[in-house]
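Shown next, in structure tokens, is the structure this report addresses.
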Amino acid sequence: MKINIAIDGYSSCGKGTLAKALAAKLEYRFIDSGAMYRGVTLAALRAGLDMRQEQPLLDMLPNVELEFAAHAGRQNELFLNGSWVEEEIRKPQVAAHVSWVASLPAVRERLVAEQRRMGLHKGIVMDGRDIGTVVFPDAELKIFMTARPEVRAQRRFDESQKKGIEVSFQEVFDNLQERDRIDSSRDHSPLTLTDDYRVLDNSDLNPTQQLELALSWVDAILVNLR
Ligand code: DC
């Protein structure tokens, strides 16, 4: 018996870390839905589109093909029209435009349809902003992740440093605040905490502790389904 697990929350809350760990432990498939919005953003940047204009981006959409596949021994990495882009979609240039791209209804409709197809047979752990509210409203487990803003900015800053991306702490902090604001105030599918979520604040939890907590929720649900 497999379930779908939806993990939503603000940027840099550790959703991906938890989602990957849960998927590995349960032998489920992990899908990073944010990577798909980043993939569309990268496609637009590569095409040299003016990022303030909606129509050229919508015209480009039918030519954007996104796929998750293994790369260099890692599972579920993003490919854009056949080429590996997992690293490039994490760059500040993409981060600077992705919230706008993700606010466009036509982009969301297209990506949500693809995400729903992936979940048809259960056994998916998907993280994002609208997974429990829009993509899988009937997910058996919905987790809303949160952490204090300065903790999240520090994590994202450390990640950037490790990857050699040149960015200041203040820039990271400001980018996160701005994305939080756009993600939770946009008209279409804003990040929303509804009462069917379990809230996981991991400001003071390490990855092992957060995984244990989430696994205890999974166990309780699976016992009830049997
Ligand atoms: O999780 P992330 O930082 O990679 O997400 C990138 C952007 O995409 C972020 O601005 C929120 C948006 N997003 C979304 O609107 N819906 C999702 N399901 C996932 C991400």
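Start at 1 and go down the list; that is how both ligands and their atoms are numbered. Note that the structure is a prediction, hence the values are computed from the model and not measured.
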Identify, for atom 20 (C) of ligand 1, the protein heavy atom at the shortest distance, and state residue, atom and that distance. Gly34 CA, 3.5 Å

Could you list the residues that satisfy side chain to side chain donor-acceptor pair (under 3.5 Å) with Gln154, not counting sequence neighbours? Asp158

How far is atom 3 (O) of ligand 1 from the closest protein heavy atom, and which atom is that? Arg179 NH1, 3.0 Å

Please classify the Arg129 to ligand 1 contact at 4.0 Å (heavy-atom distances, strictly less than): side chain, backbone, both or neither. both

Would Lys15 count as being in polar contact with ligand 1, using the rule that some N or O on each side must be under 3.5 angstrom apart? no

Just need the protein heavy atom nearest to atom 12 (C) of ligand 1, so name the residue and atom and give the distance. Ala102 CB, 3.7 Å

May I ask which of Gly128, Ala6, Ser184, Ser99 has a heavy atom nearer to atom 10 (O) of ligand 1 than the others do? Ser99

Considering both backbone and side-chain atoms of Asp183, is one of its nitrogen or oxygen atoms within less than 3.5 Å of a nitrogen or oxygen in ligand 1? yes

I need the nearest protein heavy-atom contact for atom 19 (C) of ligand 1: residue, atom name and distance, please. Ser33 OG, 3.3 Å

How does Arg108 reach ligand 1, by side chain, by backbone, by both or by neither, if only non-hydrogen atoms under 4.0 Å count? side chain

Following the transitive rule for hydrophobic clusters with a side-chain heavy-atom cut-off under 4.5 Å over Ile, Leu, Val, Met, Phe, Trp and Tyr, establish whether Met118 and Ile7 coincide in one cluster. no

Determine whether a donor-acceptor pair (N or O, by modelled atom type, separation under 3.5 Å) exists between the side chain of Lys142 and the backbone of Gly132. yes

Check each heavy atom of Ile131 against ligand 1 and say whether those closer than 4.0 Å belong to the side chain, the backbone, both or neither. side chain

Has Glu178 got a side-chain atom pairing as donor or acceptor with Asn175's backbone, closer than 3.5 angstrom? no

Quick one, Val94 and Tyr37 - any side-chain contact, counting heavy atoms below 4.5 Å? no

Do Asp183 and Tyr10 meet the criterion of a side-chain donor-acceptor pair at a distance under 3.5 Å? no

Is the shortest side-chain N to carboxylate O distance from Glu159 to Lys162 below 4.0 Å? no

Spell out, yes or no, whether Ile31 and Val134 are grouped together once hydrophobic residues are joined by side-chain heavy atoms under 4.5 Å, including indirect joins. yes

Got an N/O contact under 3.5 Å between Tyr37 and ligand 1? no

Arg156, any N or O under 3.5 Å of ligand 1 N or O: no

Ligand 1 versus Arg186, non-hydrogen atoms closer than 4.0 Å: side chain, backbone, both, neither? side chain

To which of Arg38, Glu178, Met36 does the heavy atom nearest atom 4 (O) of ligand 1 belong? Arg38

Would you find more than 12 non-hydrogen atoms of other residues, nucleotides or ligands less than 6.0 Å from Gln55 atom CD? yes

